[in-house]
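Heads up, the thing below is written out as structure tokens.
Just follow the structure's listing: the first ligand is 1, and inside any ligand the first atom is 1. This is a predicted model, so every value here is computed, not measured.
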Amino acid sequence: MTTALITHAECLGHETPADHPEQVARLERVLQALEPLELRRVTAPLAAEDDVLRLHPAAYLQELRDRRPEAGIVQLDADTWMSPGSLAAAFRAVGGALRAVDLVLAGEVGNAFCATRPPGHHAEAETPMGFCLFGTAALAAQYALEHHRLSRVAVVDFDVHHGNGTQELLSGERRALVITSQQLPLWPGTGQAHETGGYDNVLNLPLPPGSGSAEMRTAWGAAFDRLRAFRPELIVISAGFDAHRDDPLAQLEWEVQDYAWLTAELCKLADTLCGGRIVSTLEGGYDLNALAVSAKAHVEELMKAAT
Ligand SMILES: [Zn+2]
């Protein structure tokens, strides 16, 4: 068994203003770091419109299409921008995650990492937000439930920002469990421990600014019990690397070995619970060096588990 690396050149076509943290160079650096690894390289297809419409209304998709610029870059909210290539990139990100689900559930690969952008976990059903257009991880989970008829899918999000979009999109889905750690206080401000979803199916792990390895391992260690009790048939990871101590957008103190530890633990759980089935998709990470080495450490642990 191998680990799949799923990406597409069109994900580099989503352009943001100069100095915007979510920049084309992020994906270039991640791909460069993964270049020497023996991965099964897969081209991300465009998602079908119906696959996006599982969790976003048609009017939202039409609004994005209407606002797509012919040239230049338009601003959708304080942080989120769209260039002529952004929608294609977002459709590739969703399509890549769905392809990853297909490959992993078919047993063609052990697990998969989707190196795509824009990220997805802040996008709500009708609102682009925080650099995100579509809820990629939530759409992958919903696809696994509906298209592949799984009974239980877990989404695990270790990006430093709260996965508010994933929480909103899956809060009413009793077949999904969402576990997400985030720095609080920090934008977007949600993700308190008392937010538990419509079916007690959301577990929020707020972490204080300045906290590091010890705090994250304690919080996640306790969360693993919830994962075991839920018995997922697939684990989708929202892999953001902005909790790294060098990241400019947040104040957590995670190090590369923390990403390796968390990935290895999730792989062990997946082995026990669901035949190792993990689909991981790139979210944030804004220090280019920290992003590249952390993403590589994450993928190397996936590879160890897939052998
Ligand atoms: Zn983030």
Could you give me the CA-CA distance, side-chain angles and deciding distance for D225 and R228, then say whether salt bridge (charged side-chain N to carboxylate O under 4.0 Å, His left out) is met?
CA-CA 5 Å; D225 289 337; R228 278 188 208 97; 2.7 Å; yes
Is there an N/O/S atom in H161 at a distance below 2.8 Å from the Zn ion (ligand 1)?
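Here the distance criterion (N, O or S atom, under 2.8 Å) is met by H161, so yes.
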Measure from the Zn ion (ligand 1) to each N, O or S atom of E283 and report whether any distance is below 2.8 Å.
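Coordinating: no.
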Need one value: angle at the Zn ion (ligand 1), D242 atom OD2 versus D159 atom OD1, rounded to 10 degrees.
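D242 OD2 and D159 OD1 form an angle of 110° at the Zn ion (ligand 1).
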So, are R217 and E265 salt-bridged, with charged N and O less than 4.0 Å apart?
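No salt bridge links R217 with E265.
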Answer yes or no: is there an ion pair linking E233 with R277, defined by an N-O contact shorter than 4.0 Å?
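Answer for the salt bridge query: no.
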Does atom CZ of R65 have more than 12 heavy-atom neighbours from other groups under 6.0 Å away?
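Count over threshold, so yes.
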